[in-house]
**Q** 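Please find one structure pasted underneath; my questions will follow.
Chain identifiers are assigned alphabetically (A, B, ...) following the order of the sequence lines, protein sequences preceding nucleic acid strands; residue numbering begins at 1 within each chain. Values below: all heavy atoms of this structure, side chains included; hydrogens, waters and symmetry mates excluded.
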2 protein chains.
Amino acid sequence: MNDALAGNAIRVERPTKTLRELALDKVRDAIVDGYFRPGDRLVERDLCARLGVSRTIVREVLRHLESEGLVANLPNKGPIVARLDLNEAKQIYEIRGALEGMAARLCAERNDSTVVAALEASLEGIRQSYAAKDMPAVLNHTSAFYQTLFTKVDRHVAWGVVSLLTVRINHLRSMTIKTRNRDVEGPAQMERIVEAIRKGDGEAAYTAALDHVARASVIAEAVLSAQQTGD
Amino acid sequence: MNDALAGNAIRVERPTKTLRELALDKVRDAIVDGYFRPGDRLVERDLCARLGVSRTIVREVLRHLESEGLVANLPNKGPIVARLDLNEAKQIYEIRGALEGMAARLCAERNDSTVVAALEASLEGIRQSYAAKDMPAVLNHTSAFYQTLFTKVDRHVAWGVVSLLTVRINHLRSMTIKTRNRDVEGPAQMERIVEAIRKGDGEAAYTAALDHVARASVIAEAVLSAQQTGD
DNA sequence: GGTTATATACTGGTACGCCATAATACGGCA
DNA sequence: TGCCGTATTATGGCGTACCAGTATATAACC
C-alpha cells in the first residue's frame, strides 16, 4: 500500500521494486499459499539459498513478516511460520465484521452509483469463478469486493488493517469458500450488502456485512476444529 | 526506558531481549516522543552511531517500523519519519471508535465486576494525573483504560491493532489531552462508558465509546489544522 | 555565466566472519 | 552398562567491509 506515490511522467518502466520487496512477496506468498506450513522453521541460511539473496535481505523480510503476524520468533530457536489458533481466527473475523460493517454503512450513506456498479462487478466475478470452480479467483474477487467497499469511501487505513489481518487467515478463507452451499450462500449474503447500499440503508448494509463475516467465522471454526481432530 | 544509549552497563540481565528489540524500542520511542520529527530523515549509518549498533540491526529496525507505519521509505532517498496527514488521522480515530465501541459492548454484555473495578482504577489515575498536570501519566492511564476494555474480554488481536494505530497518532494524543476543558470532559465521557458497562447496557457502552473517540477526533483535527497554518 | 566534471553522501545490496547458545553425538570413567 | 562431561554441529545474533547506483552539492572549465 505504499505505491501511488509515483507521480512519474514518461519514466521508462523501471520497476522500483527493491530486491527486498520481491523477496518479501515471495516468502509471504509461500506462507499464504501453504508452501510453508504453520510451525515450519524458517532457517535463515536455508532461505538465502532458496531465494538467491543475502542473509541481510532474508532477515529483514523475516522481521517484516513477523510484524505482520505471519512469522513468530521463538527465543533461542529462531523464526517459524506462525500458528493460527481458533481463538485468534475468531477475533480476526470479528474485527473484520466491525470494520467491513462500518465501510458498508459509509458506502450506503454516500449513495454513489459507481460503488454499486463496482461491487456488482466483483460479485459477478465471484459467481463466475464459482461456476468455473476457480477458487483462487473467488478469493481475488472477494478481496476486490471488500477493497471497493473501503477505498470507494477513502478508508485506506482500514483497508490496510483488514488486508493485514486477512493474510493471517488466508488458508481458512480458502477452505470456507469450498464448503457446501457456500457458492450460493456467500454471494447471496454479499448481494444483500449491495442491495442495502443501493437503497442507501446504512443500518441494513452494516448488518448485512456483519452477518456475512459472522457466517464465515462459524464455517471457519468448524473447518478448523475438524482439521485439528483430523490430524 | 532505562540506560543504554550512552552507557554500556547492561551486563547483569538480558533475559530474552535481543539487541534488535532494544534498538527497536529505542527508535520507536524516539519517534513517538517527538525526538525525531515527522519528515526527518533517518540515516542508517547515523543511527548506527547513535545507537551503538551495527547497520544490520538498524536496517531491520527501520523495516519493522516501516511496517508499523511509523517510517516511510522514499525510493532512492531512504527512510524518513512518516508524516501524518489529517485524513489519515481521522481514519485512525474512526477505526478506534469502531473497535473500542465493540470492546465496550462486549464488556457490558459480560457483566464482570472486575472489569468495572479496573476501569475505575484507570479513570481515577487519569483524574489524579490531570490534577498533577502529569501529561505522560494521563496518556499511560488512558492506554491502560482501553487495554482493560480489550483484554478483559480477551480481544488481544483488536488491542494489538489499536495499539499499532495509536502510536501513529501519539503526538496528536498528547496535544488533544492538553486542550481546554479536556481534563473534565475526557474523564466524564469515559465515566459514561464505565457506567454503561456497570449497567450491562451494551448499546450505551458502544455509543459512549464512539462518542469519546469522535470528540477526540474533532479536537485532533482542530489541533492539526492549527498546527499546519502555524508553520 | 552556464555547463560539465567531480566529490560527497546515502541507500540498496552482498559477502564474510565472529560469537553465543542449544542440541546432539561421542568418548571416557565409575 | 550407564552416566556425565566434552566436542561438534546447526543456527541465530551481530558486526564489518565492500561495491553499485543515485542524488545533491561543488568546483572547474569553456
Side-chain angles (χ1 to χ4, degrees), chain A residues 2-3 5-27 31 36 39-67 70-82, chain B residues 4-28 31 36-37 39-67 70-83:
Chain A
N2 47 2
D3 47 289
L5 192 64
N8 49 9
I10 314 294
R11 203 69 176 251
V12 182
E13 84 284 348
R14 180 188 45 185
T16 48
K17 276 241 181 185
T18 70
L19 194 55
R20 180 180 59 247
E21 292 171 280
L22 295 173
L24 176 62
D25 291 341
K26 271 268 192 282
V27 177
I31 294 175
F36 294 130
D40 280 3
R41 291 193 62 185
L42 297 170
V43 178
E44 292 183 1
R45 288 173 175 84
D46 193 30
L47 285 176
C48 293
R50 296 208 209 199
L51 294 169
V53 298
S54 76
R55 240 181 106 202
T56 309
I57 304 296
V58 169
R59 286 178 60 105
E60 291 174 16
V61 166
L62 289 175
R63 245 88 272 167
H64 199 118
L65 293 172
E66 187 186 344
S67 69
L70 275 181
V71 164
N73 238 317
L74 308 180
N76 295 329
K77 276 287 287 286
I80 62 169
V81 178
Chain B
L5 203 145
N8 45 11
I10 327 174
R11 205 67 257 176
V12 190
E13 66 167 279
R14 42 165 190 177
T16 41
K17 276 269 189 180
T18 72
L19 193 54
R20 168 167 41 86
E21 292 172 283
L22 294 172
L24 175 63
D25 291 341
K26 271 284 193 261
V27 178
R28 183 168 30 219
I31 294 175
F36 294 130
R37 313 298 295 268
D40 279 3
R41 293 193 58 185
L42 296 170
V43 178
E44 291 183 1
R45 287 171 173 83
D46 191 32
L47 285 176
C48 293
R50 294 209 212 198
L51 295 168
V53 298
S54 78
R55 236 184 104 208
T56 310
I57 305 298
V58 169
R59 284 176 62 112
E60 290 173 22
V61 166
L62 289 175
R63 245 87 273 169
H64 199 120
L65 293 173
E66 188 187 345
S67 67
L70 275 179
V71 164
N73 242 315
L74 308 181
N76 295 328
K77 279 286 289 286
I80 63 170
V81 177
R83 285 202 171 81

**Q** dA25(D) C1' sits how many Å from Lys77(B) NZ, rounded?
**A** 13 Å
**Q** Atom CG of Leu24(B) and atom P of dG13(D): how far apart are they, to the nearest Å?
**A** 14 Å
**Q** Between C1' on dC14(D) and CD on Glu21(B), what's the gap in Å once rounded to a whole number?
**A** 14 Å
**Q** Below the 4.0 Å mark, does dA15(C) have OP1 or OP2 next to a side-chain nitrogen or oxygen of Thr56(A)?
**A** no
**Q** In whole angstroms, how far is the P atom of dG12(D) from the CG atom of Asn73(A)?
**A** 9 Å
**Q** Could you state the CG-P distance from Leu74(B) to dT22(D), rounded to the nearest angstrom?
**A** 17 Å
**Q** Just verifying a value: how many Å separate Leu19(A) CG and Leu24(A) CG, rounded to the nearest 0.5 Å?
**A** 11.5 Å
**Q** Would you kindly give the CG-to-C1' distance between Leu62(B) and dG13(C), to the nearest whole Å?
**A**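 That distance rounds to 15 Å.
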**Q** OP1 or OP2 of dC14(D) sitting under 4.0 Å from any side-chain N/O of Ser54(B)?
**A** no
**Q** Which residues satisfy the side-chain contact (heavy atoms from CB on, under 4.5 Å) test with Arg55(A), sequence neighbours excluded?
**A** Glu44(A), Arg45(A), Cys48(A), Arg59(A)
**Q** Does Arg50(A) have any salt bridge (charged side-chain N to carboxylate O under 4.0 Å, His left out) partners at least two apart in sequence or in another chain, and if so, which?
**A** Asp46(A)
**Q** Rounding to an integer number of Å, can you tell me how far Glu60(B) CD sits from dC14(D) P?
**A**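 The answer, rounded to whole Å, is 8 Å.
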**Q** Please round to the nearest 0.5 Å and tell me the distance separating atom CG of Leu47(B) and atom CZ of Arg41(B).
**A** 11.5 Å
**Q** Measure CZ/Arg59(A) against P/dA15(C) and give the value in whole Å, please.
**A**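 Interatomic distance, CZ of Arg59(A) to P of dA15(C): 16 Å.
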**Q** Using a strict heavy-atom distance below 4.0 Å, which residues from residues 41-50 of chain A are in contact with DNA chain D?
**A** Arg41(A), Leu42(A), Val43(A), Glu44(A), Arg45(A)
**Q** List the residues meeting side chain to side chain donor-acceptor pair (under 3.5 Å) with Ser67(B), not counting sequence neighbours, and say none if there are none.
**A** Ser67(A)
**Q** Only counting residues at least two apart or in another chain, list the ones meeting salt bridge (charged side-chain N to carboxylate O under 4.0 Å, His left out) with Arg20(A).
**A**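 So Arg20(A) forms a salt bridge (charged side-chain N to carboxylate O under 4.0 Å, His left out) with Glu60(A).
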**Q** Which residues satisfy the side-chain contact (heavy atoms from CB on, under 4.5 Å) test with Lys26(A), sequence neighbours excluded?
**A** Leu51(A)
**Q** Checking only heavy atoms, does the side chain of Arg55(A) share a donor-acceptor pair with the base of dG13(C) at less than 3.5 Å?
**A**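 By the distance-only test, no, there is no pair.
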**Q** Arg20(A) has a side chain; which of dT14(C), dG12(C), dC14(D) sits nearest to it?
**A**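 Looking only at heavy atoms from C-beta outward on Arg20(A), the closest nucleotide is dG12(C).
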